[in-house]
Amino acid sequence: SSVKSTHDKRKGGQGSLRNKLLHNPQAVIGTLLIAIILLMGVLAPFLAPHDPMAVDITKKFLEPCNEYPFGTDQLGRCVLSRLLYGARYSLGLALPILAVLALIGTTLGMLCAWFGGIFDRLMTIVCDIFMAFPLVVFAMALVSAVDNSVASIMIAIGISMASWFLRMVRSYAKTECGKEYIEASKISGASNFRIVTRHLIPNVLPQFIVYFTTGIATAIMSVSSFAFLGVGLIAGTPEWGAMLDEARSSIYINPSLILYPGICLIVCCAGFNLLGEGLRDRIGKEDEISAT
């Protein structure tokens, strides 16, 4: 009964997590920032005053005005339009990567923790190998071996981050596997599938959500970093990292061209990091309550 009480208390705390997050300033601010960036991307076709790819040399480096609220760049393209569409590229590349990683990392991590043995040791060795290589080195090698495309960058980021996701899930799942409620489930005759899906995953998932949220910021920065280096995206793509790269040549003429995309990246990554910190603080408190 004490095991059931502890497990129920933990589930009850998780059930009220959403309401408690509303009283966490970090989570609230992070959610608002994320909502702003998401709206920028979703509503870009309606909010953008011009075609982000349209080039007009006669209008280069225009000051902010009614027609061009943030001015124009070195090719006469509307900066505001490119910033709005940039949210689509940054989130549109990062979120699919993280979604696939969430599925793969959770599945393999759970299998490693639950069954152990040779499979666990093999996956641990593979993860250690991939974690030993910096993301930039791995991406550059993949691009050189295959081609300079968005798919290559997404694969490089996915493989690199998958190792961290798998190790994180495995670590938390191993901890949960040693707790009393798991042993009680085994004694009661519950199947492996039921224990994993009804008990193990629900208790590991909150920690995974925290890691997933902060991982989005890492993926966004990785995509922008490669775009800044001219890797993966087609020249002229309205992506924040690519905009920073293009603005380097005119930093002394029009420094605002670097300022705008830089602010967008900071706001976007800060939003996901703040939300992740808010979730971590709240889940940490819930774990303390469950322990008592």
Side-chain angles (χ1 to χ4, degrees), residues 33-99 136 139-140 142-143 146-158 216-217 219-269 271-272:
L33 294 178
I34 293 171
I36 292 173
I37 298 299
L38 287 174
L39 287 175
M40 285 175 57
V42 173
L43 300 178
F46 307 99
L47 298 177
H50 299 277
D51 181 353
M53 303 291 287
V55 175
D56 188 351
I57 300 297
T58 62
K59 295 182 179 180
K60 68 177 182 179
F61 297 131
L62 289 181
E63 295 292 329
C65 58
N66 292 332
E67 185 179 0
Y68 299 97
F70 285 2
T72 60
D73 62 8
Q74 68 279 4
L75 295 178
R77 298 171 298 193
C78 178
V79 174
L80 176 59
S81 300
R82 293 177 65 77
L83 290 174
L84 292 171
Y85 275 90
R88 284 193 159 196
Y89 281 92
S90 295
L91 293 176
L93 293 176
L95 292 180
I97 295 173
L98 269 295
V136 175
M140 291 298 183
L142 184 62
V143 167
V146 185
D147 64 342
N148 185 11
S149 65
V150 175
S152 297
I153 297 304
M154 294 179 70
I155 292 173
I157 296 174
I216 294 176
I220 291 173
M221 287 301 298
S222 298
V223 170
S224 295
S225 297
F226 291 126
F228 179 79
L229 295 174
V231 177
L233 298 178
I234 300 174
T237 301
E239 196 278 334
W240 294 333
M243 292 176 67
L244 288 173
D245 179 43
E246 293 174 350
R248 286 187 300 169
S249 59
S250 56
I251 185 172
Y252 297 110
I253 302 173
N254 195 342
S256 62
L257 295 179
I258 283 184
L259 183 64
Y260 293 140
I263 290 176
C264 288
L265 277 173
I266 292 173
V267 170
C268 185
C269 294
F272 285 106

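Between the side chain of S224 and the backbone N or O of W240, no donor-acceptor pair lies under 3.5 Å. Under a 3.5 Å cut-off, the side chain of H50 and the backbone N or O of E67 do form a donor-acceptor pair. Side-chain atoms of R77 do not come within 3.5 Å of backbone N or O of M53 as any donor-acceptor pair.
Distance check, rounded to the nearest 0.5 Å: CZ of R82 to CG of D51 gives 9.5 Å. To the nearest 0.5 Å, atoms CG (L84) and CG (L80) are separated by 4.5 Å. Note that CG of L83 and CE of M243 are 4.0 Å apart. Values are rounded to the nearest 0.5 Å. How far CG of L93 is from CG of L98: 11.5 Å, rounded to the nearest 0.5 Å. The SG atom of C264 lies 9.5 Å from the CG atom of L244; values are rounded to the nearest 0.5 Å. Separating the OG atom in S256 from the CD atom in E63 is a distance of 7.5 Å, to the nearest 0.5 Å.
Within the 4.5 Å cutoff, the side chain of I251 has no heavy atoms near those of the R248 side chain.
Residues Y260 and F70 approach most closely at CE1-O, 3.6 Å, considering heavy atoms. The shortest non-hydrogen separation linking L257 to T72 is CD2-O, 3.9 Å. In terms of heavy atoms, Y85 sits closest to A48 at CE1-CB, 3.7 Å. In terms of heavy atoms, F272 sits closest to I34 at CD2-CD1, 3.5 Å. When every heavy atom of P69 is checked against every heavy atom of P49, the shortest pair comes out as CD-CG, 4.3 Å. For the residue pair S250 and F61, the shortest heavy atom distance occurs at CB-CZ, 3.7 Å.
L91 pairs with exactly one of V223, L38, V42 by the side-chain contact (heavy atoms from CB on, under 4.5 Å) rule, that one being L38.
With sequence neighbours excluded, the residues satisfying side chain to side chain donor-acceptor pair (under 3.5 Å) with D56 are T58.
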